[in-house]
Amino acid sequence: MFRLSYDTIIEKISSTKNISKQEIETKIQEKIIELQDLISKEGAAHIIANELGVNLFEIQNKDLKINEIIPGLNSVNTIGKVTNIFEIRSFSTSTRAGKVANIIIADETGSLRLTIWDENLINKIQNLKELDIVSIKNAYSKENNGFKELHLGSKSSLEINPPGISIEEIKISRMEKKQIKDLKDNENAEILGTIVQLFEPRFYQACPVCNKKVNFLEDHYECSNHGSISPKQIPILNMFIDDGTANIRAVCFRDQAEKILGQNPEDFNIVKSQTMGKQYILKGRTKRNEMFDRTEFTITEIQEQNPKELLKEMESSINI
Ligand SMILES: [Zn+2]
């Protein structure tokens with residue numbers, strides 16, 4: 001519930017009331033004793049702030065920098081510059097149809113994905129351009145595949161190019177290029193490797209809205225978020241990638257898997273012969289598979305390495 005950290009609250013009380021931090025901490029300790037330990041120190045700090053007439057609400061509603069946004073926050077306000085705009089996707093379930101829009105925003109501290117579910121807000125961003133500035137209010141933050149995301153629902157608001165606000169510098173939370181032998185668990189990375197083994201795809205039934213796996217209940221498919229839906233088939237593709245330093249098992253889903261299965265999904269042998277031995281750039285995240293005692297790579301983006309670009313990169317590294 002408390003969005004402000006204990007230290008932030010003390011800082012705020014100290015600066016507005018000109019009281020030493022030590023004195024504030026003493027008051028907080030006394031409050032905890034008075035309430036017979038029935039309250040957390042953050043809770044007690046809120047009470048003390050209130051007793052001293054310090055308005056925490058005001059900073060609770062201040063804009064957060066992108067690197068201050070952690071997953072699991074409600075009513076997040078932030079400002080960012082648009083760096084990518086993805087195509088708006090449509091979906092339909094048995095109970096509703098709608099659209100979802102995704103954009104990437106950045107400030108001087110980092111970047112994140114913004115997912116917009118609200119129809120009015122999606123209409124509002126029809127003419128959004130890269131480098132526009134957006135001011136977001138009342139969003140909620142989530143974690144998805146190791147990346148943080150801000151989601152905008154019906155209670156959220158978005159303003160494009162609010163007057164008087166500019167962002168000069170931006171920092172893109174870039175992925176580090178790594179060799180497979182250097183990969184650690186739970187990190188985002190980009191690897192360049194060859195597909196040395198490709199396994200036959202498996203499919204699962206997923207919600208067309210949120211892409212979560214759905215269960216069959218008596219006579220219909222049920223998504224825990226979206227109720228009764230008609231599922232879509234989502235492919236899972238497992239492979240081994242080798243970059244000369246080591247190899248790693250990797251997995252990709254839906255659109256990334258479809259990129260590989262693409263032209264000939266019905267004849268897997270053709271896909272296999274066209275894919276094996278080719279070089280790919282893979283962005284994703286490593287994860288420990290405890291059962292098999294190995295590190296695996298979950299691919300968020302797979303792209304065939306363009307030989308021309310590879311050559312250019314090699315030449316430029318030779319010139320250094
Ligand atoms: Zn769903």
Side-chain angles (χ1 to χ4, degrees), residues 1 69-76 78 82 84-105 111-126 128 134 136-158 186 188 201-238 250-262 265 283-285 287 289 296-302:
M1 180 59 226
I69 299 170
I70 52 166
L73 298 179
N74 287 313
S75 58
V76 174
T78 191
V82 176
N84 293 76
I85 302 170
F86 300 101
E87 211 175 316
I88 295 167
R89 284 196 294 129
S90 301
F91 62 81
S92 62
T93 71
S94 55
T95 51
R96 70 182 187 120
K99 290 176 186 166
V100 58
N102 285 292
I103 60 179
I104 307 278
I105 60 166
S111 61
L112 55 69
R113 178 185 288 259
L114 207 61
T115 298
I116 305 166
W117 299 97
D118 182 71
E119 190 103 28
N120 292 324
L121 294 180
I122 291 177
N123 288 335
K124 209 169 171 178
I125 63 156
Q126 294 286 349
L128 191 72
V134 289
I136 311 292
K137 300 232 181 302
N138 249 324
Y140 54 98
S141 57
K142 289 175 80 164
E143 200 229 65
N144 185 4
N145 259 328
F147 295 92
K148 47 184 188 187
E149 293 180 342
L150 263 189
H151 287 233
L152 272 65
S154 56
K155 290 184 196 131
S156 313
S157 70
L158 179 150
N186 301 317
N188 299 320
R202 288 183 291 120
F203 293 88
Y204 68 94
Q205 308 289 340
C207 168
V209 186
C210 63
N211 288 318
K212 270 208 187 113
K213 195 171 172 211
V214 291
N215 295 315
F216 191 72
L217 296 179
E218 286 168 37
D219 58 351
H220 68 280
Y221 283 96
E222 177 94 5
C223 167
S224 54
N225 295 326
H226 299 102
S228 170
I229 48 99
S230 48
K232 61 172 182 181
Q233 284 227 327
I234 297 213
I236 310 177
L237 198 55
N238 281 283
V251 61
C252 60
F253 306 90
R254 10 177 230 278
D255 40 340
Q256 300 308 311
E258 279 157 10
K259 262 192 203 173
I260 293 191
L261 296 171
K283 293 176 183 167
R285 186 172 174 83
K287 207 167 72 181
N289 184 332
E296 298 177 351
F297 195 69
T298 305
I299 300 164
T300 51
E301 197 187 326
I302 183 164

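Counting starts at 1 for both ligands and their atoms, following the listed order. The residues of the chain are indexed from 1 along the displayed sequence.
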* Asked: Does the K99 side chain pair with the main chain of I122, one donor and one acceptor, at a distance under 3.5 Å?
  ->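 Judged by distance alone, no pair lies under 3.5 Å.
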* Does a side chain donor of either N188 or K283 reach within less than 3.5 Å of an acceptor in the other side chain? ->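 No pair is found: no donor N or O on one side chain lies under 3.5 Å from an acceptor on the other.
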Give every donor-acceptor pair under 3.5 Å between a side-chain atom in residues 214-223 and any protein atom, sequence neighbours left out.
from, atom 1, to, atom 2, distance (Å)
H220, ND1, L217, O, 3.4
H220, NE2, E222, OE1, 2.7

* Structure fact -> Excluding water, the protein N, O or S atoms sitting under 2.8 Å from the Zn ion (ligand 1) are C207 SG, C210 SG, C223 SG, H226 ND1
* Asked: Considering only heavy atoms from C-beta outward, does the side chain of L152 approach that of D118 to under 4.5 Å?
  ->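 L152 does not reach D118 side chain to side chain.
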* Asked: Quick one: side-chain hydrogen bond (donor to acceptor under 3.5 Å, both in side chains) partners of N289, sequence neighbours excluded?
  -> E296
* Contacts of type side-chain contact (heavy atoms from CB on, under 4.5 Å), residue E149, not counting sequence neighbours ->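 Testing E149 for side-chain contact (heavy atoms from CB on, under 4.5 Å), a comparison that skips the adjacent residues, returns R113, T115, N144, H151.
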